[in-house]
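Quick one: the structure is below, questions incoming.
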Amino acid sequence: ARNWPWRPAPIVHPFGRYESCKMQGAEDRAPENMQKLILRNFQSPGDILMLTAAVRDLHACYPGQYVTDVRTPCPDLWLHNPYLTPLQEDDPEVRVIDCQYPLIDRSNTAPYHFIHGFIEHLNEVLGLQVKPTLFKGDVHLSPEEREWFQKVEDAKGAPPRFWLFA
């Protein structure tokens with residue numbers, strides 16, 4: 001199959017690519033010693049998309065240290081997300097965090113992108129140094145969804161190359 005410009009890029013796992021972010025020895029932590037977090041935010045889908053990046057980067061920077069779950073109004077953005085584990089809010093070992101992005105109050109005076117907002121808040125609340133690993137949200141497709149583009153191409157033929165002007 002040809003790699004046409006409209007085809008989604010392969011999903012690249014960030015672990016191992018961002019050594020400056022990884023904490024040494026964290027992989028050896030036993031599951032019972034991992035901190036359990038439920039991250040909550042009930043804002044719009046665009047906000048939740050940025051929260052997906054914060055969850056990815058939390059696990060990239062602190063592998064094996066956290067078990068996470070989320071409570072948001074956009075469950076489809078979290079489908080197939082490998083960083084989530086179902087947790088119960090009434091579990092005494094679970095810490096529930098209402099995620100915010102106070103960085104927005106400095107949006108006209110500080111050189112940051114929205115992707116930094118939830119990360120900065122988690123760093124403050126958890127006493128961490130999470131860094132963004134990728135400059136995008138973190139939506140995962142199922143294996144079936146990944147095959148859709150190839151199925152369309154097989155049925156209809158390869159699309160013509162094109163330019164898009166905006």
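In this text the structure is predicted, and so the values were computed from the model without any measurement.
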Nearest heavy atoms of L126 and I97, plus distance in Å: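 So the minimum-distance heavy-atom pair works out to CD2-CD1, 3.7 Å.
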
Considering all heavy atoms, the nearest L77-P45 contact: CD1-O, 3.6 Å

Rounded distance (nearest 0.5 Å) linking atom OG1 of T52 with atom NZ of K136: 10.5 Å

Non-hydrogen side-chain atoms of S142 and L79 separated by less than 4.5 Å: no

Distance-only polar pair, side chains of Y101 and N41, donor-acceptor under 3.5 Å: no

Reported OH-to-NE2 distance for the pair Y83 and H59, which is rounded to 0.5 angstrom: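 So the gap between those two atoms works out to 8.0 Å.
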
Closest approach of L84 to V55 (non-hydrogen atoms, all atoms of both residues):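 So the minimum-distance heavy-atom pair works out to CD2-CG1, 4.3 Å.
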
Separation of Q100 CD from Q43 CD (nearest 0.5 Å): 8.5 Å

K156, NZ: over 12 other non-hydrogen atoms inside 6.0 angstrom: no

Spatial distance of atom CG (L122) from atom CD (Q129) [nearest 0.5 Å]: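 One gets 14.0 Å once the value is rounded to the nearest 0.5 Å.
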
D57 side-chain N/O to V130 backbone N/O, donor-acceptor pair under 3.5 Å: no

Gap between atom CG of L51 and atom CD1 of I115 - 0.5 Å precision: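 Answer rounded to 0.5 Å: 11.0 Å.
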
Shortest non-hydrogen contact between R71 and Q88, atoms and distance: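 Looks like NH2-CA, 4.3 Å.
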
Minimal non-hydrogen separation, H113 against L103, with atom names: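 Minimum heavy-atom separation between H113 and L103: O-CD2, 4.1 Å.
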
Donor-acceptor contact below 3.5 Å, side chain R56 vs main chain T133: no

Minimum heavy-atom distance between L128 and L58, given as atom pair plus value: CD1-CD1, 3.6 Å

Heavy-atom check, side chain of N81 versus side chain of D138, under 4.5 Å: yes

E145, CD atom: more than 12 neighbouring heavy atoms under 6.0 Å: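 Atom CD in E145 is packed in, count exceeds 12.
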
Point-to-point distance, once rounded to the nearest 0.5 Å, from CG of L37 to OH of Y66: 6.5 Å

